[in-house]
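Starting from 1, each residue takes its place in the sequence as its number.
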Amino acid sequence: MAADFIITITDRSRSGEFAAWFQQQGATLVLTALGRGTATMEILDYLGLEASEKAVLLCMLPSQSGLFRKAARELWLDVPGRGVMMAVPVSSIGGASAKAYLLQGEAENRMEKEGTHELIIVIANQGYTDTVMGAARSAGAHGGTILHAKSTGAEDAGKFFGMSIAEEREIILMVVPTGDKNTVMQAIMAQAGAHTEAQAVTFSVALEDVAGLYHINADE
């Protein structure tokens, strides 16, 4: 089996368009979560965006070459501000029925290639996103997307961190070049880690492919 878990972040107003496109590509289940961006007003103005409300779309597709080029062309991901799409390789699916439901198309043989980006996932106490993003930006990160969540393991977590953990949590997603990953994560741990009020926990996953990333040159 060769499959990819596709994570796409775009403006909420475009979520329906993106979901329909994924269904056309063979995705039988497309989940949409609401989030908000961390971009400053300067960046929003640069990208021509009016707001930072985001939609995070999650789906699974059989691995196929050309999917990201097709997405860049048909969803206009090569235009700044349209969104970012990333793929995480799936190692296994539990049960033949689930596999048949999630992957109705034919997968191609996966070609081994070195990923250029990683997805950093940070889980922090609610209200400390600015602290996390300040640390990340100090190490070269450009922005992220925030999802609100409620923790169900706060009491157990306190045993490991030696302090109470807030139930209300925020999940921050950031895509960074592979070479910057360690520096960004170290900055987050130093400035917003378990020893701080943010109590942030961070980890990363390698991305097989990415489309729609644009960086702003501060000198322009």
Side-chain angles (χ1 to χ4, degrees), residues 5-12 33-58 68 71-72 77-89 114-149 166 168-220:
F5 185 58
I6 308 295
I7 305 171
T8 307
I9 303 171
T10 188
D11 286 350
R12 292 185 191 179
L34 301 182
R36 58 187 176 88
T38 63
T40 62
M41 289 305 300
E42 177 185 1
I43 295 177
L44 291 175
D45 291 341
Y46 178 90
L47 297 177
L49 302 178
E50 296 180 355
S52 61
E53 287 79 12
K54 300 295 181 183
V56 180
L57 292 86
L58 310 170
F68 277 67
L77 292 180
D78 53 352
V79 176
R82 285 289 296 185
V84 58
M85 173 178 164
M86 63 200 87
V88 180
E114 185 176 352
T116 60
H117 290 78
E118 296 216 10
L119 174 65
I120 294 179
I121 302 170
V122 184
I123 304 172
N125 287 341
Q126 184 180 14
Y128 291 90
T129 300
D130 289 344
T131 302
V132 172
M133 288 309 305
R137 288 193 177 99
S138 72
H142 292 270
T145 299
I146 306 163
L147 300 176
H148 182 73
E168 300 297 324
R169 307 282 274 170
E170 286 173 333
I171 303 170
I172 303 101
L173 308 177
M174 288 176 278
V175 180
V176 301
T178 300
D180 295 343
K181 177 200 67 176
N182 289 341
T183 303
V184 173
M185 292 182 67
Q186 288 168 1
I188 293 172
M189 289 185 290
Q191 301 178 42
H195 62 287
T196 70
E197 293 184 355
Q199 296 177 335
V201 175
T202 181
F203 57 96
S204 70
V205 293
L207 300 177
E208 185 176 66
D209 215 339
V210 180
L213 285 182
Y214 294 88
H215 302 299
I216 297 175
N217 186 339
D219 297 330
E220 292 181 349

Taken to the nearest 0.5 Å, the spacing of Thr145 OG1 from Ile7 CD1 works out to 10.5 Å

Output for pair (Arg82 CZ, Asp11 CG), nearest 0.5 Å, gives 8.5 Å

Here the pair of heavy atoms bringing Arg12 nearest to Gly35 is NH2-O, 3.0 Å

First locate atom CE of Met185, then atom OG1 of Thr202, and finally report the distance between them rounded to the nearest 0.5 Å. 4.0 Å

Between Lys181 and Ile120, what is the shortest heavy-atom contact and its length? O-CD1, 4.1 Å

Pair Ile171-Val122, side chain to side chain contact (heavy atoms under 4.5 Å, CB included): steps then yes or no: CA-CA 6 Å; Ile171 303 170; Val122 184; over 6 Å; no

Which atom pair, heavy atoms only, marks the closest approach of Ala206 to Val88? O-CG1, 4.2 Å

For Val175, does its backbone N or O pair with a side-chain atom of His142 as donor and acceptor, under 3.5 Å? no

Counting only N and O atoms by type, is there a donor-acceptor contact under 3.5 Å from the side chain of Arg36 to the main-chain atoms of Glu53? no

Looking at every heavy atom in both Gly143 and Met174, which two are closest together, and how far apart are they? O-CG, 3.4 Å

For Thr10, side-chain contact (heavy atoms from CB on, under 4.5 Å) partners two or more places apart: Arg14, Phe18, Leu57

Residues two or more places apart in sequence or in another chain: which of them pass side-chain hydrogen bond (donor to acceptor under 3.5 Å, both in side chains) with Ser138? Gln191

Work out which heavy atom in Val184 is nearest to a heavy atom in Ala139; give both atom names and the distance. CA-CB, 3.7 Å

So, for Asp209 and Phe68, which heavy atoms are closest and what is the spacing to 0.1 Å? O-CE2, 3.6 Å

Rounded distance [0.5 Å steps], OG1 in Thr183 versus CD1 in Ile188: 11.0 Å

Kindly compute the distance separating CD1 (Ile121) from CG (Leu147), expressed to the nearest 0.5 Å. 10.0 Å

Side chain to side chain contact (heavy atoms under 4.5 Å, CB included) for Glu118 and Asp180? Distances and angles first, verdict last. CA-CA 9 Å; Glu118 296 216 10; Asp180 295 343; over 6 Å; no

Among Arg169, Gln199, Glu197, Glu170, exactly one meets side chain to side chain donor-acceptor pair (under 3.5 Å) together with Tyr128. Which residue is that? Glu197

